[in-house]
Amino acid sequence: MSIEKYIKKELLYSQVFIIIGLIAGILGFIFEYQKGLMTGLTAGFLPTGIGTLVLNKFAKKKPEMKKNIELENEERNIFINTKAGHTAFWVSYWYIFAAFILHYSLRISLLQFLIVTIIFMPVVYFLFVVIFQKKY
């Protein structure tokens, strides 16, 4: 896929993310529907969409950013990211399985567990990306 097509696809995704974030925000803050859930969706989708939109708008104009996108989409980097994602999934799976087995021994709330899990999963993923960057 050419860089221009890739950037165009990413711009479309960012617009979809922004729309989902806005709809969630309107439902939560104006219509008071599932306010906590909609706040979370808005906080996740809207900044991601805006950030991706801004990044790809700049990438269209700057050749050095296009070069970075080409490097990110090289076969080696795709392999490393896929392998890191696969390994991080299984580590996270066993982490959740162990937490399930030990849930009577652990005296933390579900919210605390979910917060730790949300932090744990990307840390594990990026750790494996770094490990596999050095290995491959």
Side-chain angles (χ1 to χ4, degrees):
M1 175 184 305
S2 74
I3 295 303
E4 283 75 25
K5 282 185 181 180
Y6 179 82
I7 291 173
K8 188 175 180 179
K9 181 182 76 167
E10 290 294 313
L11 285 170
L12 177 65
Y13 287 154
S14 65
Q15 292 167 352
V16 169
F17 272 50
I18 290 170
I19 291 169
I20 292 171
L22 289 174
I23 290 171
I26 290 168
L27 287 174
F29 295 111
I30 295 175
F31 294 110
E32 305 261 336
Y33 175 75
Q34 296 284 329
K35 192 170 184 178
L37 174 65
M38 295 302 151
T39 301
L41 289 174
T42 301
F45 278 99
L46 201 56
T48 303
I50 292 170
T52 307
L53 182 73
V54 169
L55 182 72
N56 285 298
K57 287 284 187 181
F58 281 127
K60 275 180 126 176
K61 298 174 185 173
K62 305 233 181 217
E64 61 271 8
M65 287 184 77
K66 284 184 181 181
K67 184 67 176 167
N68 285 344
I69 292 172
E70 286 176 0
L71 291 174
E72 286 176 15
N73 290 308
E74 280 184 343
E75 188 174 334
R76 175 183 175 269
N77 287 327
I78 292 172
F79 168 76
I80 288 169
N81 289 334
T82 303
K83 188 153 180 67
H86 174 264
T87 307
F89 167 80
W90 283 109
V91 169
S92 299
Y93 175 85
W94 287 108
Y95 158 77
I96 292 171
F97 180 74
F100 175 73
I101 297 297
L102 300 171
H103 78 279
Y104 290 116
S105 302
L106 301 172
R107 297 287 179 219
I108 62 172
S109 70
L110 178 61
L111 181 62
Q112 291 169 327
F113 174 73
L114 292 175
I115 289 171
V116 169
T117 302
I118 283 187
I119 294 168
F120 175 79
M121 291 172 73
V123 167
V124 168
Y125 170 74
F126 289 118
L127 176 69
F128 280 110
V129 168
V130 170
I131 290 169
F132 292 145
Q133 284 283 345
K134 292 180 181 186
K135 183 175 180 181
Y136 298 108

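In this chain, numbering begins with 1 at the start of the sequence shown. All values reported here derive from a predicted model rather than from experimental measurement.
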Exercise for review: Look at the rings of His86 and Trp90 and say which category their plane angle falls in: under 30° parallel, 30 to 60° tilted, over 60° perpendicular.
Suggested key: perpendicular
Can you confirm whether [X] sits close enough to [Y] that some side-chain heavy atom of one is under 4.5 Å from a side-chain heavy atom of the other?
X: Phe132; Y: Thr87; value: yes
X: Phe113; Y: His103; value: no
X: Tyr95; Y: Val116; value: yes
X: Ile50; Y: Phe17; value: no
X: Gln133; Y: Arg76; value: yes

Atom [atom1] of residue position [X] - does it have more than 12 heavy atoms of other residues, nucleotides or ligands inside 6.0 Å?
X: Tyr13; atom1: OH; value: no
X: Glu75; atom1: CD; value: no
X: Phe100; atom1: CZ; value: no

Of all the heavy-atom pairs spanning [X] and [Y], show the shortest one and how long it is.
X: Ala59; Y: Ile69; answer: CB-CD1, 3.7 Å
X: Asn73; Y: Ile78; answer: O-CD1, 3.4 Å
X: Asn56; Y: Leu11; answer: CB-CD2, 3.6 Å

If hydrophobic clusters are built from ILVMFWY residues whose side chains come within less than 4.5 Å, do [X] and [Y] share one?
X: Phe29; Y: Phe45; answer: no
X: Leu71; Y: Phe79; answer: no
X: Ile118; Y: Phe120; answer: no
X: Phe97; Y: Ile108; answer: no
X: Met121; Y: Phe128; answer: yes

Review point. How long is the gap from NZ on Lys66 to CD1 on Ile3, to the nearest 0.5 Å?
Key: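 It is 8.5 Å, given to the nearest 0.5 Å.
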